[in-house]
Structure formats: structure tokens, C-alpha cells
Amino acid sequence: MADKRSSGRPFGKDSSLVRENYINTARSHFMKHGYSAASLATIAKEAGYTPTALRHYFSDKADLYSAVFAATANEVYPQIVQHLYSPTMAEAIEGSMTRMFHIDRDFPNYTEFLSRVPAELRRHPHLKDRVEVRENFTEFFYSSLIAMGRKTGELESLTDEFAIKFFRIAMQGWIYEGHYSNNVNLTTQTALVKLLQRL
Amino acid sequence: MSARGRPKGGDSTQTKKKIIDAARLEFATNGYDGGSIMAIANSVGIAPSAVYHYFQSKEKLYTDVFEQTSTAIWDSVTPPQEAQTLLESMEQLLDDSRLLADTLPSYSDFLASLPIEARLHPEFSDLLQKRADYQDKTFRKLANIGIQSGELDFLTEDEATELVRSIVMGWFFERHFRQEEIPNSADAILAMFEHLLNSGKRKK
């Protein structure tokens, strides 16, 4: 009796496991093929299900992509944000970049997926409103970082706007360039912390 | 009346150049997988077989577009010998890069999409190495200008190089992704170097 499964969609606990399995398979698939060339049928097959079953969970490719984004961001963003509670801006930079470095080492698909999102958005603008949280997160993170530097007195020069833009450009540049060239290292982090001591 | 088949003689360099230009735009717009040899041939006004005559394969065509585009871009953004400060070199580099993106958008777009294409297609991984070589040459030079001027004299050469790389590429990619600069981002970079230049001078 317990073994007998009714036909049709799985439900309950199983259902969220199936969903998670799809998301993890899809993340690797998007990494390997990019959004344009990714195929729902192939993702279903790689996950060990039928395309029909996959379509029960995700109505189309954009829907699946935004689900992968949400799952990945929910995993990564909180780990980065917690460093905004560091005592100093220098430690927040040090902590968040080290965290990114470790996530990249332990879950390379997560950070690489996130680093490629803006490139996919450029090519597929219809995905934009599905990952809105990304822009909000970025703005929140860098303005909080600068507010912190003001509070501790670490950052006295430059206007707020310039400071936010400068650190955003440098840290996002580190993320993009490191992932795209497959060379994520912490030398930029050291440089930024020393730079902050100069300000 | 034109003969059938491939063009001959002097036309050949001209045709090759036209194919490269069309391919750059096609790959920049549709990516490597989505890039169509048929579309490239159509825009040049030749048969697809003529494209293969000059470039053997799509892979070879992509590689040649990369070589030609990288040389054109990196030669024009290399800092001038006489630059004394990172502030002025950076200003020059941002201006040059902005001008190139405005006048030759397919060049910037092609180069911006290259690293991800290389991740998707391992056969292009050696292009990533070449890209790194171009970058290193320019960014190391900028780093040394900054160390000598006092702007970055608190960093090692490697640290200064990586910092410059992150700043320049961050600015470049953000601009590429949004198809416009993050407002005031270039001014923010320059304000930072101006501050470093002045505080470096004060220390001396």
C-alpha cells in the first residue's frame, strides 16, 4: 500500500524534493549551455523525469530560470549580508569577499550562476522583472556598506554617492572578472582593505 | 557581369574583412551558438560556402574575429607613455573605452561576451589566456603608474594590478550589461584617484 503511488503529479514532501532536484539540475544545465541553448526537455531527462512532469512545476524556461535564480540567491545573499553586521567596513569587505570566495570554492555553480545573470538579462530582457530582487539587493548592500564606513569614521572622503558607486564597481568587477576568467582570488580584497585605510 | 564562385585577387582581403565585420556583429548579438553563418553570408552578399572558403569553420571564424577585435581594442586603450598619474591614465582609458563602445559597439559587445562563450565552449579556452595577456599588459602598466605617482604606493604591484582590473572591468561590464553607464560611476572612479593623488602628495 505504502509503495503504491497514484499516477499524476507527486505531492507533499516528495514534491519539494522533486522541485529541488529540477532546480539543481537546471542550474548546472544553464551553466553548461547558457539560457538560449538550454532545453527543458533535456533538463527533465537529466533530472530523471519526463518533460511533462517538469512542466507541471515550471510553466516555461523563464519560469524555471527565475526559480533557479531565487533558490540560488536565497542561498548566497544571506551569507553575504550577514557581514554587514561586522564592527567595521574593512571587516565587512573582508568578510563578504572571503565568503564569496568560499562559496565559489564549495558551490562553484551558485556564484557562477549569479555572476552570469546580468549577461543573460541583457540578451533576454523579458527575464528582468523575474529577478528584480537582484538589483535591490545590490543597491541595499553597497549603500549599507558605505553607511557603515561613515558611522565608524573609516570613510571620510568622497561623497556618499561616489563612495557607493566606487565600491560597487570595484567589488562587482571582482565578481564578474573572477568568474568569467575562471580566476577567483582574494588579491583585490587585500587591495580594497588597504585602500580603505588610506581614505 | 560578375562571375560565379568566390571573388578573386584583390577582392579577397576586402571580402575577408567584410565577413569578419559581419561575424563580429552576428556573434555579439546572437552568441556563438546562435550565430548563423547564413546570416553572416547574407549580410556580406555572398554564399555561405564562400564564408567556409575563407574561414574553414565557424570555430575558426570566431577565433579570427577575436584576434582582430582584441588587437584593435587593446591597442587603442593602452596608456600613453607620457602618462604621469593613474588619474589621467584612468580618465583617458574610460574616455577611449566609452568612445569605442559608442562608435564601434559590436567590438565592445563581442569582447564582453567572449569570456562567457569561452566557458560555454571549452574549445575557446585558449582565447581566455590570450585575453588575460592583453589585460595584464595594460593593467600592470597602469598599476605601476599608480605606484610611482604615489596614488597606489601602499599596494604591491600585484595588488595594484588586481585593483585596477576589478575597477576597469567592473565599469566596463556594468556598462555593457545595462547598455548605459551606472550614473556617475566613471566620476566616482576618478574622484577616488584624485583623492589618492592628493593624499599621496600630502604625504610626500
Side-chain angles (χ1 to χ4, degrees), chain A residues 30-38 97 112 115-125 128 135 138-139 142 156-183 185-199, chain B residues 29-34 109 112-121 125 128-129 131-132 135 143 151-156 158-174 176-179 182-196 198-200 203:
Chain A
F30 283 128
M31 281 305 88
K32 205 166 159 202
H33 303 281
Y35 183 79
S36 305
M97 290 175 85
E112 187 152 354
S115 76
R116 279 200 216 161
V117 167
E120 297 290 16
L121 294 187
R122 183 183 196 271
R123 197 156 277 170
H124 309 281
K128 236 170 229 167
E135 187 61 28
T138 310
E139 276 171 19
Y142 291 105
E156 287 180 339
S157 31
L158 267 63
T159 63
D160 278 358
E161 192 189 5
F162 281 171
I164 292 171
K165 300 283 162 73
F166 177 85
F167 281 94
R168 173 178 181 164
I169 291 284
M171 290 171 74
Q172 293 298 125
W174 171 74
I175 293 172
Y176 298 140
E177 189 54 34
H179 284 99
Y180 299 167
S181 63
N182 201 16
N183 178 23
N185 64 70
L186 287 173
T187 315
T188 297
Q189 178 209 55
T190 312
L192 281 173
V193 170
K194 287 188 182 176
L195 172 78
L196 191 60
Q197 285 157 2
R198 242 320 157 93
L199 296 178
Chain B
T29 314
N30 298 315
Y32 179 71
D33 282 325
D109 292 349
S113 59
L114 171 95
I116 296 177
E117 296 289 4
R119 300 302 300 274
L120 296 175
H121 303 282
S125 52
L128 273 186
Q129 186 53 51
R131 173 182 181 271
Q135 273 196 2
E151 290 156 291
L152 294 180
D153 61 359
F154 52 95
L155 298 178
T156 65
D158 282 350
E159 288 161 359
T161 304
E162 292 312 307
L163 180 66
V164 169
R165 190 196 312 275
S166 295
I167 294 170
V168 173
M169 297 317 292
W171 179 81
F172 173 77
F173 279 122
E174 290 291 7
H176 170 75
F177 294 146
R178 306 159 160 261
Q179 296 173 274
I182 293 184
N184 293 323
S185 57
D187 285 345
I189 295 169
L190 298 178
M192 175 61 84
F193 285 107
E194 195 173 357
H195 176 79
L196 291 172
N198 292 334
S199 62
K203 273 192 65 187

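So that the names make sense, note that chain A is the first sequence line, chain B the second, and so on, each numbered from 1.
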Once you round to the nearest 0.5 Å, how far does [atom1] of [X] lie from [atom2] of [Y]?
X      : Y      : atom1 : atom2 : result
B/S125 : A/N182 : OG    : CG    : 9.5 Å
A/L192 : B/E159 : CG    : CD    : 10.5 Å
B/N198 : A/S157 : CG    : OG    : 10.5 Å
B/M169 : A/I175 : CE    : CD1   : 14.5 Å
B/E162 : A/N183 : CD    : CG    : 7.0 Å

Review point. How far apart are the C-alpha atoms of A/R168 and B/E174, what are their side-chain angles, what is the distance that settles it, and do they pass the side chain to side chain contact (heavy atoms under 4.5 Å, CB included) test?
Key: CA-CA 10 Å; A/R168 173 178 181 164; B/E174 290 291 7; 4.1 Å; yes
Practice item. Counting only heavy atoms closer than 4.5 Å, note whether B/I167 contacts chain A via side chain, backbone, both or neither. Key: both
Check your understanding: Where on B/H121 is there a heavy atom nearer than 4.5 Å to chain A: the side chain, the backbone, both, or neither?
Key -> neither
Side chain to side chain, [X] and [Y], heavy atoms closer than 4.5 Å:
X      : Y      : result
B/S166 : A/M171 : no
A/R123 : B/S113 : yes
B/L196 : A/L195 : yes

Shortest non-hydrogen contact from [X] to [Y]?
X      : Y      : value
A/R198 : B/H195 : O-NE2, 4.3 Å
A/S181 : B/R131 : CB-NH1, 3.9 Å
A/A191 : B/L155 : CA-CD2, 3.7 Å

Review point. So, do A/Y176 and B/F177 have ring centers that fall under 6.0 Å from each other?
Key: yes
Exercise for review: For B/D109 and A/R122, run salt bridge (Lys or Arg N to Asp or Glu O under 4.0 Å): C-alpha distance rounded to whole Å, both residues' side-chain angles, the deciding distance at 0.1 Å, then the answer.
Suggested key: CA-CA 11 Å; B/D109 292 349; A/R122 183 183 196 271; 3.3 Å; yes
Got a list of side-chain donor-acceptor pairs under 3.5 Å for residues 184-193 of chain B, not counting sequence neighbours?
residue: B/N184; atom: ND2; partner: A/E161; partner atom: OE1; Å: 3.2
residue: B/N184; atom: ND2; partner: A/E161; partner atom: OE2; Å: 3.0
residue: B/S185; atom: OG; partner: B/I182; partner atom: O; Å: 2.8

Exercise for review: Return the option, out of B/F154, B/F173, B/F172, with the maximum number of heavy-atom pairs under 4.5 Å with chain A.
Suggested key: B/F154
Exercise for review: Identify whether the distance between the nearest side-chain nitrogen and carboxylate oxygen of B/R165 and A/E177 falls below 4.0 Å.
Suggested key: no
Exercise for review: Report yes or no: does A/K32 contribute a side-chain atom to a donor-acceptor pair with the main-chain N or O of B/L120 at less than 3.5 Å?
Suggested key: no
